[in-house]
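Each remark here refers to the structure printed beneath this line.
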Amino acid sequence: MRNAIAVSAGLGAHTLDTETCWPANLTPRKSGFPWSHGHTRGRRVDEVKIYISGLHGGANPSPGIGTARSLRSAFPRALLIGVDYSTRSTGIHWPDFDRIWLQRGWDELDLVEYGQRIRDLMEPGVLWISGLDLETVWLAETVASACPGVLVPPPDAVKSVAKPLVHGLAELPFRRPNSIELSGSESEVYAFCRQHGWPVWVKGPYYEARRVETWSELEKARAGLSAIWTSGGIFVQEHIAGYEESIAFSAYRGRLLAAVRMRKHETTWDGKTWAGEVCEVDEEVRILLAKALAAVGWTGGGEIELVMCRDGTGSMMECNPRFPAWIYGATLAGHNLVAALVEAAAGLPPANEEASIDQFVRVVLEVPVRPEFPLAPPPQPGGYDSAETHKHPSGMPLLARRLGECSVSVDPVLAEGRGAPLASGLVPEDIRRLDMSNLRTPCCLFRAEAAAQAFSTAAGLRFETFDSRGIALTVAYSVKTNPDPRFLNLALEAGLFAEAISQYEVKKALDMGFRCDQIILNGPGKWWPEIHVSEPFYAVFCDSLKELELLLQRLQHVQPPRILGVRLRPPGITSRFGVAVEDYDVFLCLAALIEAIPSSCRLGVHFHTASSAIGVRKWSWALQSVMAWCDAIEDVSGRCIDCVDVGGGWAPEDWPAVVMRELDRGLASFPSRLAGLKEVILEPGKALVQPALVVVTGILEVRAVGGCVEVVVDGSIAELPDLGAYPHRILYLERATGVWRVINRGKDRILGRLCMENDTLASAVQLPESVSEEDILLFCDSGAYDRSMAHDFGRGEVRHLG
Amino acid sequence: MTSEGERSGTWGEAAQQWAGRTPVQLLDHGRPCCTAARAWLRAMDWSLRAAEPGSGAPSWLVEVFPWGPTRWPLSWCEAVQSAKLDCGALAAMACYMLSARGLRVWRTQLIQEFSEEAVTHWRSRWLTASAPTDWIIGSLIYHEGVAVLSGGNEIGIWDPTHNCWLESNHRGGYGSTLAIRLHAHKANGEHVLHWAGVGLSLGEWQFIGRSGYHAGVPSGNLGLTE
C-alpha cells in the first residue's frame, strides 16, 4: 500500500538540500489520503510544481499524459504544468494538467533565451520531467547542470545510450543488433544490407526509424532522415524478428529507483504499444542496470526497447532517455516510476504500491478542448509539411535541425561527416589507363582485364564439399545478363556453359560457338521464338507443370535433354516463376509428372532468386528450403534428384566465396538427403560482368542551386536503368589536368539528359568545386542489367517489334 | 462469463466427460498418399519457419488450415486437403512437424473457459457442419495444443489454433486455461515438467485455474482422472 503522505512545500526562501532538489526546511508530513483509483494511495503535495513536457497523445504518443496521470495518482494536489510547442499536441487538453505552458515552435524559439527562462522557473521545489528525447538532450547540455530540478540524465549519460551502440548498457544480457553508420561507404552499407538481408531499419540518432526493403528505399529513407538529422548520426540496423518488450526505469543521481518489464501484446502499425503486460525485471538485469546507471549518474526516466526470441535471448534495440508513453500502464500495475523519481528528488520516502492488475490496454478518448487553446486550423490539403506536423507535433524534427545548426552537439561520436565516400577504394588502375581522349559520350567502356579475371575465376572454381561427395560443379554464364559477344567469348574460352531464356539467346550462343549440349534453358519463354535446333540441350528446367507436361509429350518425338527438371517456387519467396509447391495438389501433380520423366533423362531442380535483392541470409534459407523440397519430391516420386541448378543474382562482392559458403551450409543441412546428387550448376551473370563496364557521361550544364551544384549530363536512366538497385561507384575526370576523383557523398546532384522527372542519376553527392562542362563523370558497375536493359528513349527512335 | 454456481456444476460434468479422453490421432493409410502428405508438411515447415524467426513454432499452419469443424476419423492425406481443421488435427500436425525439427514434444489437452456467447456460436457452427459438439460443456471447452521442451524440464505450450504460446498466468477469464494434461503413453506421474513456474506431471490432469476461481472445485487434479 502506498503510504498516505502530504508534503507542505510552500515556496519561499529555502535552503536547497544537497541530496535532493527539495527545500531542506520543508518536511514531508504523513496524512491519510485515499485515492479513488484504488491501486495507489495518493499523497498531498501542496504547491509542488512539476513541469511535464511532451504531451502529444496521438498515434505516436509522447509520455507527458502518462507521466501526469502517474503523478496525479501519487500526488493528487500537485501543480502539474504541461509544456509543449504546438497546439497540435493533443495532450495539452488533458485534464490532469492544471496549466499549460505552451511555447512557440522550436524553429522560432531563441534557445539561449528559452534556456534562461527555464532556469528562472526552476526554483527550489520545482521539477521538470521531459518527455521529448531531443529536449532531454538539449536540457542535459544547457540547463540541467544549473537546475537540479530538471530531472534529465547528465550529458555523458545521454551519450552512453546513444544509438546504435548503447555502449553504456553493454553489460546487460542482451545482444545489440548489428548496425552500420550511413557515414560509411555505399559499398559497405550495401554489403551490410546484403549480408543481413532485407528489411533493414534506417534510424535517426534519437528517434525515427524507417523500415526499408530495397536499396532505393534505403536511399529515400536516408534522404528523408538527413533532412531532419542535419548533423548526422543516421545508421542502418539489422531487422530482428521476435516479441517486443520494454524495460522502463527511473533513477535519481545514479541510483536505480524502480524498473519494470513490459511485454507488448498489441502494437500499432508504427510499433507503438497498444496493450501490454507488466512484470518484474529479472534480478540479474536489475543489478546490471543499476550498475550501469550508477556509472553515469543517471537521473530521470528511461526505456530500453527489446526484441525477445522464444528461447529467451533478447536484442537491445535502443534506449530512450525518458519515460515511455505507456508509463501509466506501469503505474496501474503498482509500479509508479514517475512518483518514485519525484519522491527521490523531493527526499520523500518511497511509497509502497498496491498492484491490482498486471495488464493494461490503451483506448482512444475524446476530451474537451481547453478554451484558451482552440484547435489550430486544419492542415491545408497537400501542405508540404502536414505529415511531419502531425507525426511530430512537439516539433522534434525542428529541434533536431536547430541542434544541428547550433553549437549543441547531438552526438559528436556519431556525427556524420560530409564527404564520406560513396565507395571504398580508389579509382581502379585499369580505368585510369583507359583512353578518354576522343570519347563520344555517353558511351560504354569495357574493362577487359576485370572481365577476363572474373571469367577465369569462375572457370577455376573448385569446391571441396562437392569433391568429397563426388558432386560435379558446372558454371553457366547467364546470357540475359549481358549478351555482349565479348562476355560470351570469355565464357566460351573459360569452358563455361551458357544459360538461355529464349531461342534468340540460344541462337546467339550457338553463333558464338557454344554447342547445344553446353546450353541450359530456363524461364517461361524459353521456346520463343520457334527455332529449329536438332541437337538436344544440356538441361531444360520447366517453369510450370503445364510446360513439363507438354515437354514430356514432345519427348516422344525429339531427343530429350540430358537433364530435365523444374523450377521450384518455395513458399515464403515472392516470385512469379516456377512451380508453387505450397499447393498440395500442385505438389502431388509435380511428383506424378516427375515419375513420368524418362529414365534416360537425369532429374534436375532449378532455383533462382537474387541474393543481391533479398540478402544473403534469406537466400541461404531459400536454398535450404529448396533442398527440403527436393527431399520431399524424392520421397514421393521415388526418383533421385541428380542435379540442382542454382540461378544467379549474386553481387560481385559475394562471388564466389559467399555463394560457396552458403552452398556448403545448404548441403550440410541435409547430410543424409539428396544422396543421388551428382551435379550442381551455378549460373552467375552480374557477379561476372557487372564491374566490367563503365558508362561515361559528359557534362552538359553546371548549375548553382541554393548553395549546391547540379550538373546535367548526356547520360540518363536510359543508359543506366538499374541504377536504383544497388550503389554504383561514380568517378570524375578533370580532362584538362587528367586528375581523377572518386565522387563522395554531399549535397549536389547529377541529373540525366531526359525530360523525365525521375531521371536523376545521383543525389546527395559532392562534386568538385572545379566542376566544368569540359569534364566527364563515369558510372562504374554498369556491366550487367544496366547494359542489357538500356533503351533508346529520347533518341528519336522507336524499337521495331517483330 | 458464467456464475460461480454454474461453473462448479459445469466443471463436474466436464471432468466426467473429458477425463478419459485422449488426444485425437490422424490415421495413416500406410500408403504413398499419407507418405506424400507428411513429406509435404515437413517441406512446408522447412520453408515457412524462416517467416517466423523468434517464434519457434509452425505459425503458418493455421494460416493454411483455418480452424473449423472436422469430421473424424481423419487421415494425414485427408487432413492436408481439408479446408479447415479442428484443434486436434492442428495439434497433431504441429506435433509432427515440431518433432521433425528435432524437438521433444507432448500432445497437450486443455480445458479452457470462454463466454456463453462464444460457445453458443461454436456449437452452432459445429452442428451446422454435422460435427460433434462434445468438446463444449457450458462455457468450458476441451482443447488441444503441443508442449515443447525448451531446455531442462522447462516447456512452452503452443496453441496452433490460436497461433500463440499459451500464457501460464492466464488462469481465469475469457480464453483462460483452467486445466491441463501433458499426454504420455507411458506416464506414471513422476516425471514433472515446468511451464513457467507451474509443475505439470506427465499424464495427469491438473487444475491450474486461478485460486478460488472455481467455486466448489477441489484443488489438485479435480477428480479429472482416467
Side-chain angles (χ1 to χ4, degrees), chain A residues 197 239-244 263 265 277 279 307-315 358-359 568-574 580-592 595 614 617-638 666 669-670 673, chain B residues 31-61 63-65 76-83 97-98 100-103 148-152 154-158 164-165 167-173 176 196-197:
Chain A
H239 175 73
I240 306 281
Y243 302 95
E244 291 185 43
R263 297 173 60 205
H265 281 237
E277 180 172 358
C279 59
V307 174
M308 303 298 296
C309 282
R310 182 65 200 161
D311 62 8
T313 59
S315 298
D358 57 7
Q359 297 182 334
L568 294 185
R569 186 200 309 170
I573 293 291
T574 305
V581 283
E582 68 183 276
D583 183 315
Y584 184 66
D585 291 334
V586 169
F587 173 72
L588 287 182
C589 190
L590 173 63
E595 277 188 76
I614 66 170
R617 196 184 282 179
K618 209 180 271 185
W619 180 82
S620 179
W621 191 269
L623 177 68
Q624 292 179 42
S625 164
V626 164
M627 292 183 173
W629 283 100
C630 289
D631 184 52
I633 289 168
E634 286 189 344
D635 264 7
V636 178
S637 68
S669 303
F670 298 89
R673 299 180 188 175
Chain B
R31 293 195 294 270
C33 54
C34 288
T35 305
R38 284 204 301 273
W40 179 81
L41 278 173
R42 286 196 309 272
M44 282 290 281
D45 193 45
W46 240 108
S47 289
L48 293 173
R49 78 175 78 162
E52 64 203 24
S55 158
S59 299
W60 63 272
L61 196 56
E63 303 291 329
V64 176
F65 303 106
W76 287 97
C77 62
E78 290 165 337
V80 294
Q81 297 189 80
S82 298
M97 288 182 293
L98 288 165
R101 291 185 191 187
L103 298 170
V148 185
L149 192 68
S150 54
E154 291 292 326
I155 55 166
I157 296 178
W158 173 252
C164 65
W165 292 94
E167 303 275 330
S168 64
N169 58 353
H170 191 180
R171 302 187 201 174
S176 61

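The shown structure was predicted, so the numbers you read here are calculated from the model rather than taken from an experiment.
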Closest heavy-atom pair, Val636(A) versus Ala39(B), reported as atoms and distance to 0.1 Å, is CG2-CB, 4.0 Å
Does Tyr584(A) use its side chain to pair, donor to acceptor, with the backbone of Ala37(B) at less than 3.5 Å?
-> yes
What's the shortest heavy-atom distance between Arg310(A) and Ile157(B), and which atoms?
-> NH2-N, 4.5 Å
Could you give me the CA-CA distance, side-chain angles and deciding distance for Trp621(A) and Arg49(B), then say whether side-chain contact (heavy atoms from CB on, under 4.5 Å) is met?
-> CA-CA 10 Å; Trp621(A) 191 269; Arg49(B) 78 175 78 162; 3.2 Å; yes
Side chains of Met44(B) and Pro571(A): closer than 4.5 Å at any heavy-atom pair?
-> yes
Asp635(A) bridged to Arg38(B) by N-O distance under 4.0 Å = no
Heavy atoms, side chains only, cut-off 4.5 Å: are Glu167(B) and Arg263(A) in contact?
-> yes
Do any N or O atoms from the side chain of Trp629(A) and from the backbone of Trp40(B) form a donor-acceptor pair under 3.5 angstrom?
-> no
Quick one: what part of Glu277(A) sits under 4.5 Å from any heavy atom of chain B, side chain, backbone, both or neither?
-> side chain
Go through Asn169(B), Thr35(B), Val64(B) and name the one with the most non-hydrogen pairs under 4.5 angstrom from chain A.
-> Asn169(B)
Could you look at Val626(A) and say if it's the side chain, the backbone, both or neither that has a heavy atom under 4.5 Å from chain B?
-> neither
Applying a strict 4.5 Å limit to non-hydrogen atoms, the region of Ile573(A) in contact with chain B is neither
Sort His265(A) into side chain, backbone, both or neither according to what part of it lies under 4.5 angstrom from a heavy atom of chain B.
-> side chain
